[in-house]
Engineer: 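Let me give you the structure first, and then I'll get to my questions.
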Amino acid sequence: MANHDYRELAAIFAGGAVGALARAALATLAVPDPARWPWPTFTVNIVGAVLVGYFTTRLLERLPVSSYRRPLLGTGLCGGLTTFSTMQVETLKMIEHGHWALATCYTVISIALGLLAVHLATVLVRRVRVRG
């Protein structure tokens, strides 16, 4: 039988619940329309990318090792907040409705800006001086 760390699972659950609630709240601000840019999904994915870069770098390079920070903030919060699956569905709906250029721009910009966001957050964390 596998030995599970239920505190780690609880941290993932708690972070995921907060992230998913934040995403759901933002999603209520706009009605999905395959002819328009899906701002709620785009926003949570870019914010999530910034947070992943920040949390990963800060937790691995700046703070003492903790068994629960990464599961809570990275896996839980960022995993619940971001939604690649919704991005895929929105892109497919754009294509189904003949909005090929919008679908292409949305996909390319989301991925490129997400990667850039992770990189910039990482660079910013590394530039901040550690107080000693």
Side-chain angles (χ1 to χ4, degrees):
M1 186 186 302
N3 185 12
H4 297 288
D5 183 348
Y6 291 104
R7 293 172 294 185
E8 183 176 328
L9 293 175
I12 294 168
F13 175 81
V18 171
L21 286 171
R23 176 172 37 96
L26 189 59
T28 63
L29 298 177
V31 177
D33 179 357
R36 298 190 185 277
W37 192 270
W39 286 106
T41 305
F42 181 77
T43 302
V44 296
N45 285 341
I46 300 307
V47 168
V50 169
L51 292 175
V52 164
Y54 174 82
F55 290 144
T56 300
T57 308
R58 182 140 171 90
L59 295 175
L60 291 176
E61 297 178 11
R62 301 289 186 185
L63 295 175
V65 175
S66 165
S67 299
Y68 308 109
R69 285 186 191 129
R70 283 182 58 196
L72 174 72
L73 299 172
T75 306
L77 179 68
C78 292
L81 178 65
T82 59
T83 176
F84 187 68
S85 58
T86 300
M87 183 188 129
Q88 290 175 323
V89 169
E90 290 166 343
T91 301
L92 288 174
K93 286 187 182 205
M94 290 173 192
I95 292 168
E96 289 172 359
H97 287 86
H99 304 292
W100 288 88
L102 181 61
T104 302
C105 287
Y106 178 50
T107 301
V108 170
I109 290 171
S110 293
I111 293 169
L113 195 54
L115 291 171
L116 180 62
V118 170
H119 174 71
L120 290 176
T122 299
V123 167
L124 288 173
V125 169
R126 287 180 176 160
R127 284 195 179 171
V128 173
R129 285 193 173 158
V130 178
R131 294 180 183 167

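Predicted model only: the values in this text are computed from it and were never measured. Below, each value reflects all heavy atoms present in this structure, side chains not excepted, and no hydrogens, waters or symmetry copies.
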Engineer: Just one of Thr107, Val108, Leu113, Ile109 clears the side chain to side chain contact (heavy atoms under 4.5 Å, CB included) bar with Ile111, so which one?
Structural biologist: Thr107
Engineer: Identify the heavy atoms of Ala117 and Ala49 that sit nearest to each other, and give their distance.
Structural biologist: CB-CB, 4.0 Å
Engineer: Between Pro34 and His99, what is the shortest heavy-atom contact and its length?
Structural biologist: O-CD2, 3.2 Å
Engineer: Can you measure from CG (Leu21) to CG (Leu81) and round to the nearest 0.5 angstrom?
Structural biologist: 11.0 Å
Engineer: For Ile95 and Ala103, which heavy atoms make the closest approach, and how far apart are they?
Structural biologist: CG1-CB, 3.7 Å
Engineer: Quick one: do Val50 and Val47 end up in the same hydrophobic cluster if we chain Ile, Leu, Val, Met, Phe, Trp and Tyr together by side-chain heavy atoms under 4.5 Å apart?
Structural biologist: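 Hydrophobic grouping puts Val50 apart from Val47.
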Engineer: Hey, any chance Leu29 and Val18 share a hydrophobic cluster, counting ILVMFWY side chains that come within less than 4.5 Å of each other, even indirectly?
Structural biologist: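 Leu29 and Val18: one cluster.
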Engineer: Does Phe55 belong to the same Ile/Leu/Val/Met/Phe/Trp/Tyr cluster as Phe84, with side-chain heavy atoms less than 4.5 Å apart forming each link?
Structural biologist: no
Engineer: Just wondering, do Pro38 and Met94 contact through their side chains at under 4.5 Å, heavy atoms?
Structural biologist: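 Side chain of Met94 against side chain of Pro38, heavy atoms only: contact under 4.5 Å found.
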Engineer: When rounded to the nearest 0.5 angstrom, what is the spacing between OG1 in Thr91 and CH2 in Trp100?
Structural biologist: 11.0 Å
Engineer: Give me each pair satisfying side chain to side chain donor-acceptor pair (under 3.5 Å) with a member in residues 114-125, each pair once, sequence neighbours excluded.
Structural biologist: Thr57-Thr122
Engineer: For the hydrophobic clusters of this structure (ILVMFWY residues joined by side-chain heavy atoms under 4.5 Å, transitively), does one cluster hold both Tyr54 and Leu73?
Structural biologist: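 Linked, Tyr54 and Leu73 end up in one cluster.
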Engineer: Is there side-chain contact between Met87 and Asn45, with heavy atoms separated by less than 4.5 Å?
Structural biologist: yes
Engineer: Identify the heavy atoms of Ala30 and Pro40 that sit nearest to each other, and give their distance.
Structural biologist: CB-CG, 3.7 Å
Engineer: Distance from Leu120 atom CG to Arg127 atom CZ, nearest 0.5 Å?
Structural biologist: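 Those atoms lie 9.5 Å apart.
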Engineer: Once the angle between the rings of Phe42 and Tyr106 is folded into 0 to 90°, is it parallel (under 30°), tilted (30 to 60°) or perpendicular (over 60°)?
Structural biologist: tilted
Engineer: Check the surroundings of atom CZ in Arg70: do more than 12 heavy atoms from other residues, nucleotides or ligands lie under 6.0 Å from it?
Structural biologist: no
Engineer: With the 4.5 Å side-chain cut-off for hydrophobic clustering, are Leu72 and Leu51 part of the same group?
Structural biologist: yes
Engineer: Any chance you could measure Arg23, atom CZ, to Leu77, atom CG, to the nearest 0.5 Å?
Structural biologist: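 Reported value, rounded in 0.5 Å steps: 11.5 Å.
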Engineer: Distance from His97 atom NE2 to Asp33 atom CG, nearest 0.5 Å?
Structural biologist: 8.5 Å
Engineer: Under the side-chain contact (heavy atoms from CB on, under 4.5 Å) rule, what do Val125 and Glu61 come out as? Steps first, then yes or no, please.
Structural biologist: CA-CA 9 Å; Val125 169; Glu61 297 178 11; 5.8 Å; no
Engineer: Looking at Gly53 and Ala121, what are the two nearest heavy atoms and their distance?
Structural biologist: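 Closest pair (atom of Gly53, atom of Ala121, distance): C-CB, 3.9 Å.
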Engineer: Val52 and Thr56: which non-hydrogen atoms are nearest, and at how many Å?
Structural biologist: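 Closest approach of Val52 to Thr56: O-OG1, 2.7 Å.
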Engineer: First locate atom OG1 of Thr104, then atom CG of Leu102, and finally report the distance between them rounded to the nearest 0.5 Å.
Structural biologist: 8.5 Å
